[in-house]
Amino acid sequence: MTEQIKLTKSDRQKVWWRSQFLQGSWNYERMQNMGWAYSLIPALKKLYTTKEDRAAALERHMEFFNTHPYVAAPIIGVTLALEEEKANGTPVEDKAIQGVKIGMMGPLAGIGDPVFWFTVRPILGALGASIASSGNIMGPLIFFFGWNIIRMAFLWYTQEFGYKSGKEITKDMSGGILQDITKGASILGMFILAVLVERWVSIKFTVDLPATKLAKGAYIEFPKGVVNGTELQGILGKALSGLSLTPEKANTLQGQLDSLIPGLMGLLLTFLCMWLLKKKVSPIAIIIALFIVGILARLAGIM
């Protein structure tokens, strides 16, 4: 029987320390992936002894990763547990590890902003500022040390929680628990993708279409000559009721698309990018192409 490889507390502390620099090499193609892989290197070196296994482990953690930097810790913990089981011969597939990461990073990202940016930091900042306003050096010191103690403690204890939870997940591999989690994470990831597309992918056309001539009674017919108070009141009332001020209704390409399906072009663009990625087109090439198309469309007055 081969000896089981275990990650010691010291090994996990090395990962915890490196995770402080998760965003140290943020990039537009895969975002936090390099910081993520950098954090896991001490554990991967301990778990895998051959150069080939270490390279394969590092390569699977160079995939896309992005979440709030402080709530990445429990995901790191679960990943450490899965990698430990894989290194000890448990049949954990690469796509299962990636699926769990993707499934967790979306929901947890929404927790980080309200907890850290909108609660903890403003409270510590207000406390430090109120003390510093009287000329006391303790103001900035309280903010600096208080913030980093809370932040680093949260990273450590949530990483440990994730590691222990991950160990429980991998106890029953034959029962399909990990497969169910991976499937659920993939479904959740699709919902999150839809929300992100609606929020962040925006395409607005500026092309005008021929105006539509309105039927009589659908627009306001202004009287000729001087308008008295009663007539003016009637005109304002008609305008407030929704009648057009002109006998023609202006049409735009964007308005027609929005009336059909709001956000349709953003969705189609997302599908196009996904198809190109499936065809092994470089993400950098896609980003550059989008920049070029956007600039040319703007110059041509299309967008």
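Annotation: side chain to side chain donor-acceptor pair (under 3.5 Å) contacts of N136 (sequence neighbours excluded): none. Residues passing the side chain to side chain contact (heavy atoms under 4.5 Å, CB included) test with Y28 are W26, I287, sequence neighbours excluded. Shown here are the side chain to side chain contact (heavy atoms under 4.5 Å, CB included) partners of M265, two or more places apart in sequence or in another chain: I203, F205, L257, L268. P140 meets the side chain to side chain contact (heavy atoms under 4.5 Å, CB included) test with A132, I137; sequence neighbours excluded. For W117, the side chain to side chain contact (heavy atoms under 4.5 Å, CB included) partners two or more places apart in sequence, or in a different chain, are H68, Y70, D113, R121, W147. In this structure D94 satisfies the salt bridge (Lys or Arg N to Asp or Glu O under 4.0 Å) test together with R60, K86, sequence neighbours excluded. Residues passing the salt bridge (Lys or Arg N to Asp or Glu O under 4.0 Å) test with R18: none are found, sequence neighbours excluded.
Atom CZ of F21 has more than 12 neighbouring heavy atoms from other residues, nucleotides or ligands inside a 6.0 Å radius. Within a 6.0 Å sphere centred on CD of Q13, heavy atoms belonging to other residues, nucleotides or ligands number more than 12.
Judged by distance alone, the side chains of Q98 and K95 never bring a donor and an acceptor atom under 3.5 Å apart.
The shortest distance between side-chain heavy atoms of E83 and L40 does not fall below 4.5 Å. The shortest side-chain heavy-atom distance between M104 and T67 does not fall under the 4.5 Å cut-off.
Side-chain contacts under 4.5 Å among hydrophobic residues (ILVMFWY), followed directly or transitively, place I292 together with I284, I288, L296. Connectivity analysis of hydrophobic side chains (ILVMFWY, heavy atoms under 4.5 Å, direct or indirect) links I123 to nothing; its cluster partners are none.
Two different hydrophobic clusters hold L58 and M34 under the rule that ILVMFWY side chains link at heavy-atom gaps under 4.5 Å.
Screening residues 268-293 for salt bridge (charged side-chain N to carboxylate O under 4.0 Å, His left out), with sequence neighbours left out, gives no hits. For residues 31-50, the salt bridge (charged side-chain N to carboxylate O under 4.0 Å, His left out) pairs, not counting sequence neighbours, are D11-K46.
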Got a list of side-chain donor-acceptor pairs under 3.5 Å for residues 148-158, not counting sequence neighbours?
unit_1	atom_1	unit_2	atom_2	d
N148	OD1	R151	NE	3.4
N148	OD1	R151	NH2	2.8
N148	ND2	F144	O	2.8
R151	NH1	Q20	OE1	2.7
T158	OG1	F154	O	2.5
T158	OG1	L155	O	3.4

